[in-house]
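Everything below concerns the one structure shown next.
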Amino acid sequence: MPEDHDWEAYKVPPTRTPVVESTSKVPNPVTFVQTVFSYVIDAPVTFVREWIERQQAKNKTYYYHQKFRRVPDLSECLEGDYLCFFEAEAQWRRDRMVDQEIVEIVRERLGACKQREGPNEFQNCAKEVELLKQVTKAYQDRYGDLGFHGNARTCLMKQKHRMMEERKAAQAKASE
């Protein structure tokens, strides 16, 4: 750009913005409300929040999964030991939820494999399919046919009946 440009055609903006003169003696209500809000509401809330954050920074708490101790199985409880019955029932419910999550995770892995592999899913996802079959069979053997209201006692009875059937089948096979 040449040095001898026309100053009238290309006016240079002012270097400082002029101060707007107030025409009235009444203060601006918006400024007044903003100032009141800042001192009455915002400052105390900010102070309390920063104080709480400082206290939490001093006392860091770490959250981990709750670990329950293993309790005796229902078959190991003494007769009339209702506390042991209750603990065994709670343990059984936790185990059932864990087993449900295991089945769900394996099912999600199989779905992800099928999505990833596309038309080659039968060939490349055979390991996941086999794992899902094993996990669902184990879950069905333990919790199948119990229904929504199943509990540790009915599950134990189911396992006992299955063991008795297997024993009878083994005896019948041995006697042949």
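Nothing here was measured: the structure is a model prediction, and the numbers come from that model.
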Residues Arg109, Leu132; criterion side chain to side chain contact (heavy atoms under 4.5 Å, CB included); working and verdict:
CA-CA 9 Å; Arg109 285 182 185 170; Leu132 181 64; over 6 Å; no

Among the clusters formed by ILVMFWY side chains lying less than 4.5 Å apart, do Val33 and Val40 turn up in the same one?
no

Partners meeting ring pair (Phe, Tyr, Trp, His ring centres under 6.0 Å) with Tyr139 (sequence neighbours left out)
Tyr143

Can you tell me how far apart CG (Asp42) and CZ (Arg49) are? Round to the nearest 0.5 Å.
11.0 Å

For the CG atom of Asn151 and the CG atom of Leu146, what is their distance to the nearest 0.5 Å?
8.0 Å

Does the salt bridge (Lys or Arg N to Asp or Glu O under 4.0 Å) test come out yes or no for Asp99 and Arg142, once each step is laid out?
CA-CA 10 Å; Asp99 291 341; Arg142 186 165 183 190; 3.8 Å; yes

Tell me the closest heavy-atom pair linking Cys77 and Ala88, and the distance in Å.
SG-CB, 4.4 Å

Rounded to the nearest 0.5 Å, what separation is found between the NZ atom of Lys160 and the OG atom of Ser75?
12.0 Å

What residues, two or more places apart in sequence or in another chain, satisfy salt bridge (charged side-chain N to carboxylate O under 4.0 Å, His left out) together with Glu104?
Arg107

Consider only side-chain heavy atoms of I, L, V, M, F, W and Y, link residues closer than 4.5 Å, and tell whether Val98 and Val103 are in one cluster.
yes

Are Leu156 and Leu78 grouped together when hydrophobic residues (ILVMFWY) are joined by side-chain heavy atoms under 4.5 angstrom apart?
no

With distance as the sole test, does Thr154 use its side chain to make a donor-acceptor pair with the main-chain N or O of Gly150 at under 3.5 Å?
no

Within a strict 4.5 Å, meaning less than it, do heavy atoms of the Glu130 and Lys133 side chains meet?
yes

With no hydrogens and no angle check, is any side-chain donor or acceptor of Lys158 less than 3.5 Å from a backbone partner on Asp141?
yes

Asn124 and Glu128: which non-hydrogen atoms are nearest, and at how many Å?
O-OE1, 4.0 Å

Shared hydrophobic cluster, Ile41 / Val48 (ILVMFWY, side-chain heavy atoms < 4.5 Å):
no

Spell out, as yes or no, whether a donor-acceptor pair under 3.5 Å connects the side chain of Ser38 to the backbone of Gln34.
no

Shortest non-hydrogen separation from Phe85 to Gly80 and the atoms involved:
CZ-N, 4.0 Å

In terms of heavy-atom contacts, does CD of Glu166 have more than 12 from other residues, nucleotides or ligands at under 6.0 Å?
yes

Please name all residues satisfying side-chain hydrogen bond (donor to acceptor under 3.5 Å, both in side chains) with Arg93, sequence neighbours left out, ordered by chain then number.
Glu89

Side-chain heavy atoms nearer than 4.5 Å, only ILVMFWY residues, links allowed to pass through others: does that put Ile102 and Leu131 together?
yes

Output for pair (Gln159 CD, Met157 CE), nearest 0.5 Å, gives 9.5 Å

Let me see the working for Asp95 and Gln91 under side-chain hydrogen bond (donor to acceptor under 3.5 Å, both in side chains), right down to the final yes or no.
CA-CA 6 Å; Asp95 290 344; Gln91 179 72 50; 3.2 Å; yes

Output for pair (Cys113 SG, Glu108 CD), nearest 0.5 Å, gives 14.0 Å

If you measure from SG on Cys84 to CG on Leu74, what distance do you get to the nearest 0.5 Å?
7.5 Å

